[in-house]
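Right, one structure below, let's go through it.
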Amino acid sequence: MMDFYSKNNISKSIINEIEASEEKLVKEFQEIRKIVFYNQQKVLSAMQDEHLNSGDFFWPTGYGYGDVGRDKVEKIYSRVFNTEDALVRPSIASGTHAIFLALNSLLQYGDELIYISDIPYDTMQKSLGFVGNEKNNLKSKGVKVDYVPLNKNNLFDFEAIKKCVTNDTKVVAIQRSTGYSLRRAFTIDEIKEVIGFVKAINKNIIVFVDNCYGEFTETLEPSDVGADIVAGSLIKNPGAGIAFSGGYLVGTTDLIDMCANTLTAPGIGKEVGLTFGTTRFTLQGLFLAPHVVGEAMKAAHLIGLTLKERGYEVIPDVGEARSDIVQTIIFKVPEVLKQFTIGVQQAGAVDSYAIPTAWDMPGYEDQVIMASPGFVEGSSIEISCDAPMREPFAAYYQGGITYEHAKIALMFGLRNIDR
């Protein structure tokens, strides 16, 4: 069989370049292993404490009454995230859906929502009513929506928050991950500090955290440090590339009840809703998630350092704290961005022959190019790379179920840049 590197035109210089980066990341990889081990214990304990058994993987039909597996999933999620209750369903279609479900459930006409982590991710801007005029967005329903810009260092601006958040504010929202912005993810310590600050203004304010891309990147979650309700997607970190679909909400019992009543109907709440046989995969994904997220974190370090050594600006920068799996690379030149993204697609096991092309993706103002060669469509815990086609032409790489696969994706990306 032809040598893998020769077959794929990977030069010796690229191999040496990546291996040189690996030699500089020994300390970072050791720290990641500690986080993985801690989180693996946490997930395992939750499953054992809830007496997970093989019978929990069977599922009913129709309304889904008495689905013990569905209930077991939600009890396990509550334990893992240290909350009173959870809503974990395949009928939650995406991270955006999970976030909107929470905010739409908690806010009514005349209520005020303030994002204190700057304007949220592109898809949320339309859902909330920051841009566009989509039917049933929060603003159209009479909810006051606003955001607080970050300070010059891309951190929470406490003075601006104090001026904007008042006793009339119902929900304060925090987007942990970078989204399509040019900042790093907020760490748990930073989230803890700002939650304490907000609660000091008004202890009754509901603090919501969009946790997408951040799960298991540290030993604590936002719900451990004061967040009242937290949302995320099962085809990102907690699904580990195993979960087919779904999203989760974890938080206080009363808030989760409100969300469940919106997802189904008041008076029905969590008691109905089929899992369609996904319970086994949802829990298997959760079990593998600490390890898989660790692999993705190692990949982000490797890609960030290697591209930084080539002279590109990367976020987070080498040596900066990481609290999500996203590595941003600012290419500045659209063609270079495209070639790197194409390289990630070509490194996939699925649809490796496809050529990513920028298109009008639903929910985005700009055209988006996306490499997503995963076994689960749209799974960003598998190797993936996407970018809005706008200046400064930054690519957002994330994922890698195995570090080795992400390393190959980097090889393919560098090969395409060098052509």
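As a basis for the values below, the full set of heavy atoms in this structure was taken, side chains included, without hydrogen atoms, waters or symmetry mates. Everything quoted here is computed from the prediction, not taken from an experiment.
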task = Would you kindly say whether S372 and S384 are connected by a side-chain donor-acceptor distance under 3.5 Å?
result = no
query = Would you say N137's side chain and K139's backbone share a donor-acceptor pair under 3.5 angstrom?
reply = yes
query = Is NZ or CZ of R415 both nearer than 6.0 Å to the six-membered ring centre of F412 and within 45° of the ring axis?
reply = yes
note = CD1 (I18) and OG1 (T306) are apart, to the nearest 0.5 Å, by 6.0 Å
message = Would you say that more than 12 heavy atoms from the other residues, nucleotides or ligands in this model lie under 6.0 Å from the NZ of K199, or not?
response = yes
inquiry  = Closer than 4.0 angstrom, basic N to acidic O: yes or no for R89 and E74?
reply    = yes
key: Short N-O contact, D122 and R390, less than 4.0 angstrom   = yes
ask   = Is there a side-chain contact between T187 and E218 (heavy atoms, below 4.5 Å)?
value = yes
Donor + acceptor pair across side chains of E84, T253 (<3.5 Å) = yes
ask   = Only one of F340, Y121, Y180 clears ring-ring contact (aromatic ring centres under 6.0 Å, His included) with Y396; which?
value = Y180
key: Gap separating the CD1 atom of I329 from the NZ atom of K332, nearest 0.5 angstrom   = 14.0 Å
key: Sidechain-backbone polar pair: N211 side chain, G214 backbone, donor-acceptor under 3.5 Å   = no
message = Could you check whether any side-chain heavy atom of R184 comes within less than 4.5 Å of a side-chain heavy atom of R322, counting everything from C-beta outward?
response = no
ask   = Do NZ/NE/NH1/NH2 and the carboxylate oxygens of E22 and K407 come within less than 4.0 Å?
value = yes
query = Is the shortest distance from a Lys or Arg side-chain nitrogen in E320 or R183 to a carboxylate oxygen in the other one below 4.0 Å?
reply = no
message = Determine whether a donor-acceptor pair (N or O, by modelled atom type, separation under 3.5 Å) exists between the side chain of T402 and the backbone of H405.
response = yes
request  = Report yes if some heavy atom in the side chain of K170 is under 4.5 Å from a heavy atom in the side chain of L106; otherwise report no.
outcome  = no
ask   = Considering only heavy atoms from C-beta outward, does the side chain of T169 approach that of C164 to under 4.5 Å?
value = no
message = Side chains of S352 and Q346, heavy atoms from C-beta outward: is any pair under 4.5 Å?
response = no
Electrostatic pair K162-E159, nearest N-O below 4.0 angstrom = no
remark   = Looking only at heavy atoms, the pair that brings I188 and V225 closest together is CG2-CG1, 3.7 Å
Chi angles and distances behind the side chain to side chain donor-acceptor pair (under 3.5 Å) call for E221, N82 = CA-CA 9 Å; E221 300 293 336; N82 191 26; over 6 Å; no
task = Determine, step by step, whether T279 and T282 satisfy the side chain to side chain donor-acceptor pair (under 3.5 Å) criterion, reporting the C-alpha distance in whole Å, the side-chain angles of both residues, the deciding distance to 0.1 Å, and the verdict.
result = CA-CA 5 Å; T279 298; T282 297; over 6 Å; no
query = Around K42, counting heavy atoms of other residues, nucleotides and ligands shown, do more than 12 lie under 6.0 Å from its NZ?
reply = yes
Pair E309 + K24, salt bridge at N-O below 4.0 Å = yes
query = Which heavy atom of N151 sits nearest a heavy atom of F156, and at what distance?
reply = ND2-O, 3.6 Å
query = Quick one: does E382's side chain have a donor or acceptor within less than 3.5 Å of a partner on F375's backbone?
reply = yes
ask   = Can you check side-chain contact (heavy atoms from CB on, under 4.5 Å) on L410 and L307, steps first, answer last?
value = CA-CA 9 Å; L410 175 58; L307 273 296; 3.7 Å; yes
ask   = Closest approach of V43 and L286, non-hydrogen atoms and distance?
value = CG1-O, 3.6 Å
message = If we ignore hydrogens and angles and just use 3.5 Å, is the side chain of Y248 paired with the main-chain N or O of V250 as donor and acceptor?
response = no
Closest approach of L128 to P120 (non-hydrogen atoms, all atoms of both residues) = CD1-CG, 4.0 Å
task = Look up atom CD1 in I191 and atom OG in S323, then write down how far apart they are to the nearest 0.5 Å.
result = 6.0 Å
request  = Taking D210 for its side chain and C212 for its backbone only, find out whether a donor-acceptor pair lies under 3.5 Å.
outcome  = yes
message = Nearest 0.5 angstrom please: L150 CG to D118 CG, how far?
response = 4.5 Å
task = Test side chain to side chain donor-acceptor pair (under 3.5 Å) on S233 and S94 and set out the steps.
result = CA-CA 6 Å; S233 167; S94 65; over 6 Å; no
inquiry  = Measuring only between side-chain heavy atoms, which start at C-beta, is T217 closer than 4.5 Å to R176?
reply    = yes
ask   = More than 12 non-hydrogen atoms from neighbouring residues, nucleotides or ligands closer than 6.0 Å to CD on E404, yes or no?
value = yes
Spatial distance of atom CZ (F276) from atom OG1 (T61) [nearest 0.5 Å] = 10.5 Å
request  = Name the orientation class of the two ring planes belonging to H301 and F29 (parallel below 30°, tilted from 30 to 60°, perpendicular beyond 60°).
outcome  = perpendicular
inquiry  = For a quick test of reading the model, state the closest non-hydrogen atom pair linking S117 to F186 and the distance between them.
reply    = CB-CE1, 3.6 Å
Side-chain ion pair, K236 and E215, N-O less than 4.0 Å = no
ask   = Looking only at heavy atoms, what is the nearest atom pair of N237 and A289, with distance?
value = O-CB, 3.4 Å
request  = Give a yes or no answer on whether the side chain of S78 reaches the backbone of A86 with a donor-acceptor pair at less than 3.5 Å.
outcome  = yes
key: Side-chain heavy atoms of I315 within contact of T178, under 4.5 Å   = no
task = Take K75 and D56 through the test salt bridge (Lys or Arg N to Asp or Glu O under 4.0 Å) and record every step on the way to the result.
result = CA-CA 12 Å; K75 289 178 181 178; D56 292 328; over 6 Å; no
inquiry  = Is it the case that atom CG in N133 sees more than 12 heavy atoms from other parts of the structure closer than 6.0 Å?
reply    = no
request  = Could you tell me whether F158 and F197 have their ring centroids closer than 6.0 angstrom?
outcome  = yes
ask   = Is the closest side-chain donor-acceptor distance between T275 and D67 under 3.5 Å?
value = yes
request  = Anything under 30° is parallel, anything over 60° is perpendicular, the rest tilted; go ahead and classify F130 against Y147.
outcome  = perpendicular
request  = Output the distance between atom OG1 (T262) and atom CZ (F100), rounded to the nearest 0.5 Å.
outcome  = 9.5 Å
key: D111 bridged to K141 by N-O distance under 4.0 Å   = no
task = Kindly check if the number of other-residue, nucleotide or ligand heavy atoms within 6.0 Å of CZ (F244) is above 12?
result = no
message = Check this for me, if you would: do D71 and K270 make a salt bridge, where the nitrogen-to-carboxylate-oxygen distance has to be below 4.0 angstrom?
response = no
task = Give the C-alpha distance, both sets of side-chain angles, the deciding distance and a yes or no for side chain to side chain donor-acceptor pair (under 3.5 Å) between Q398 and D386.
result = CA-CA 9 Å; Q398 56 266 317; D386 50 288; 2.7 Å; yes
ask   = Heavy-atom distance under 4.5 Å between the side chains of D146 and L113, does that happen here?
value = no
ask   = With no hydrogens and no angle check, is any side-chain donor or acceptor of E391 less than 3.5 Å from a backbone partner on F393?
value = no
inquiry  = When you measure from the side chain of Q40 to the backbone of L288, do you find a donor-acceptor pair of N or O atoms at a distance under 3.5 Å?
reply    = no
ask   = Short question: side chain of K72, backbone of E50 - any donor-acceptor pair under 3.5 Å?
value = yes
